[in-house]
Chemist: 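Handing you this structure, nothing more for now.
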There are 2 protein chains.
Amino acid sequence: MSTKTQDTLQDMPHAAPEASLDATPGAASRTWPEASSQTSWQSVHAEVLHRIHTRQWKPGDLIPKEVELAEQLGCARATVNRALRELAAEGFLDRRRKAGTRVATHPVRRAKLDIPVIRLEIEGRGQKYAYGLLFSERRTPPPEICTNLRVSPDSDMLHITSLHLADGKPYMFEERWVSVAATPEIANADLSKISANEWLVLHAPYTKGDISFSAVLASETEAKVLRTQKDAPLFLIERTTWNGDHGITSARLLFAPGYRMHSAI
Amino acid sequence: MSTKTQDTLQDMPHAAPEASLDATPGAASRTWPEASSQTSWQSVHAEVLHRIHTRQWKPGDLIPKEVELAEQLGCARATVNRALRELAAEGFLDRRRKAGTRVATHPVRRAKLDIPVIRLEIEGRGQKYAYGLLFSERRTPPPEICTNLRVSPDSDMLHITSLHLADGKPYMFEERWVSVAATPEIANADLSKISANEWLVLHAPYTKGDISFSAVLASETEAKVLRTQKDAPLFLIERTTWNGDHGITSARLLFAPGYRMHSAI
DNA sequence: AAATATAATATGTCTGCACATAATATTTCT
DNA sequence: AGAAATATTATGTGCAGACATATTATATTT
């Protein structure tokens, strides 16, 4: 390795681009685990984030270019690039060729929502999962499904309603339309054993999807199925998925009162 | 290197990365811009995704290792690595050292929720944004806020309620507690001009946050503020943010009936 | 047979270098 | 001056090679 003593992340008198003074040089004692002698992209990531958090670099500021940062931090440009790329993906930085990299002015927080198979969500909480097929028919779709999935009104579809339970209590009521044309095998699946959702996840990959969340009032029948009262507030997820231009499925997922969707940001 | 004629990705007949936007669905003869002779990581990404979608590689399957894929596709391992890494981050693949890379068995769909500043969300739809401060006081927090933010019951906090409007109509009702200790400058901010949310975004960075979504019924006063009826179904977002171990703010955002949160997956 | 050490291996990451590309800045031309 | 051509520059990406590290498989010991 280079025998030259490198300016590692420890102590950097960095020339603020336009940032005037304030400097805050007092971050001197920030030490890294830093077992390896190499500077990892994660430490660069952390260091940049630190400077943003401590407002050495404020929203809108232009930060040093990759080569400069690499020099300052004692690592290769590729390493800095990796760190900055991730930070941009996370929404902390805005990057443009030639124009440089700036701290995002509107830190759009990107929440990652993991949308699991319901069964796993329930079992993950240590509850007992159960599932019941309520109704199933094969027919042509109603107009709103046609426009939603962009399929013709005379297409062959499966219409399924089912109920998912946690510890015996109604948890989610699912109403779903599946295009048989797009996934013929589903006609043979035993949807009283495995939920359509789970079957589709395993057998019908999709290329695009759309998901929306809202709050609605329980209708009379919805209330009955979910064992609650009419006009209870329900959390509704609507999902539609395509494979290429083929509409696969469109589902309304109604959650029992009290449901909360969580995410860390 | 191998002089053998490789199956490069140059002319692969499938799957546009995203683009979509209707246009011609029968995009059979997709040609890459492909000016360069090099194989990009995005084409590797697309190719692997294609193999998953066409079920050449099924959920649970072990896929070839990086070096093999690199050879097959005629590119460097680093390029394959980049593609596979992204696919793993997107939830399509599971990777483990030594064990190799498999197609994810439970394609937990990772929806990316961009949570913008409300003002931008409204203006982005071409509507006129307005904001009004309803109420503001400085006092000690109620118990639920203490536990939520993990601050002491006698801490100095700001309690703010405000209303955000789109085209003059109530859009979102915000109730917020801000720790003055954590961000002293907010005491001087003019929160009748700029919303607390926006002020905080610009001046009080945070390191962790928590967000949850649910459906609730409008209370009498909430209904009045949002100009709707009592017991209307409202979409509720609860957000809490910390900087390190310092609780910064905790907010309840109540959206007017009809609100929908969207995301593509 | 169970516990422990050791080898093997696929992914993870860093480096140095080169060239591509998009966007800006500058110069030249009309 | 205004438009068009040209140079400049920061990021984006590709490559080969090297070493790090987690994890599994195998061999060795108790």
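Below, read A as the first sequence line, B as the second, and so on, with proteins coming before strands; counting in each chain starts at 1.
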Chemist: Testing the 3.5 Å rule here: is there a donor-acceptor pair between the side chains of B/Q42 and B/S40?
Modeler: no
Chemist: Given the structure, check if the side chain of A/R97 and the base of C/dT21 hold any donor-acceptor pair shorter than 3.5 Å.
Modeler: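 Under the 3.5 Å cut-off, the side chain and the base do form a donor-acceptor pair.
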Chemist: Does A/T79 put a side-chain nitrogen or oxygen below 4.0 Å from OP1 or OP2 of C/dT15?
Modeler: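 So the side-chain polar atoms of A/T79 do come within 4.0 Å of the phosphate oxygens OP1 or OP2 of C/dT15, strictly under.
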Chemist: Counting just side-chain N and O atoms, does A/Q42 come under 4.0 Å of either OP1 or OP2 of C/dT13?
Modeler: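 Affirmative; the distance criterion is met.
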Chemist: Measure from CG on A/D94 to C1' on C/dA23 and round the result to the nearest Å.
Modeler: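 Rounded to whole Å, this separation is 15 Å.
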Chemist: Please report the distance, rounded to the nearest Å, between CG in A/L73 and C1' in C/dT15.
Modeler: 15 Å
Chemist: Quick one: does A/R82 reach the base of C/dG12 with a side-chain donor-acceptor pair under 3.5 Å?
Modeler: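 Side chain to base: no pair present.
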Chemist: Between D/dA16, C/dG12, D/dG14, which nucleotide has the shortest distance from any of its atoms to the side chain of B/A76?
Modeler: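 Taking heavy atoms from C-beta onward, the closest nucleotide is D/dA16.
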Chemist: Out of C/dG12, D/dA10, C/dA10, which nucleotide sits closest to the side chain of B/E66?
Modeler: C/dG12
Chemist: Taking only side-chain nitrogens and oxygens of B/T101, does any of them come within less than 4.0 Å of OP1 or OP2 of C/dA10?
Modeler: no
Chemist: Quick one: does B/R102's side chain have a donor or acceptor within less than 3.5 Å of a partner on B/G60's backbone?
Modeler: yes
Chemist: Take a 6.0 Å sphere around NZ of A/K128 and say whether it holds more than 12 heavy atoms from other residues, nucleotides or ligands.
Modeler: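 Incorrect, the count does not exceed 12.
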Chemist: Could you check if a side-chain atom of B/E121 sits within less than 4.5 angstrom of a side-chain atom of B/Y171, using non-hydrogen atoms only?
Modeler: yes
Chemist: Let me know the distance between CG of B/L84 and C1' of C/dG12, rounded to the nearest Å.
Modeler: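 That distance rounds to 12 Å.
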Chemist: Please tell me if the side chains of B/V44 and B/E86 come closer than 4.5 Å, counting only heavy atoms from C-beta onward.
Modeler: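 B/V44 vs B/E86: side chains apart.
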Chemist: Round to the nearest Å and state the distance from B/K65 atom NZ to C/dA8 atom P.
Modeler: 14 Å
Chemist: Nearest whole Å is fine: how far is C/dA10 C1' from B/N81 CG?
Modeler: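 The distance from CG of B/N81 to C1' of C/dA10 comes to 11 Å, rounded to the nearest Å.
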Chemist: For the CG atom on B/D245, are there more than 12 heavy atoms of other groups (residues, nucleotides or ligands in this structure) within a distance under 6.0 Å?
Modeler: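 Atom CG in B/D245 is not crowded, with 12 or fewer foreign heavy atoms closer than 6.0 Å.
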Chemist: When the nearest nucleotide of DNA chain C is assigned to A/A78 and to A/R96 on a heavy-atom basis, which residue is associated with the more 5' position?
Modeler: A/A78
Chemist: Check nucleotides 3-8 of chain D for protein N or O atoms closer than 3.5 Å to its own N or O atoms and list the pairs.
Modeler:
unit_1	atom_1	unit_2	atom_2	d
D/dT8	O2	A/K98	NZ	3.3

Chemist: When you measure only distances, ignoring hydrogens and angles, does the side chain of B/R77 come within 3.5 Å of the base of C/dT13 through a donor and an acceptor?
Modeler: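 For B/R77, whose side chain was compared with the base of C/dT13, there is a donor-acceptor pair (under 3.5 Å).
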Chemist: What's the CD-C1' distance between B/E68 and C/dT9, to the nearest Å?
Modeler: 12 Å
Chemist: Round to a whole Å and report the spacing from CZ of A/R102 to P of C/dT24.
Modeler: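 Atom CZ in A/R102 sits about 11 Å away from atom P in C/dT24.
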Chemist: Over how many whole Å does the gap from B/E86 atom CD to C/dG12 atom C1' extend?
Modeler: 15 Å
Chemist: Indicate whether OP1 or OP2 belonging to D/dG12 is found under 4.0 Å from a side-chain N or O atom of A/R95.
Modeler: yes
Chemist: With no hydrogens and no angle check, is any side-chain donor or acceptor of A/H53 less than 3.5 Å from a backbone partner on B/Y206?
Modeler: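 Side chain of A/H53 to backbone of B/Y206: a pair is present.
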Chemist: Tell me the closest heavy-atom pair linking A/A182 and A/G247, and the distance in Å.
Modeler: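 Heavy atoms of A/A182 and A/G247 come nearest at CB-O, 3.7 Å.
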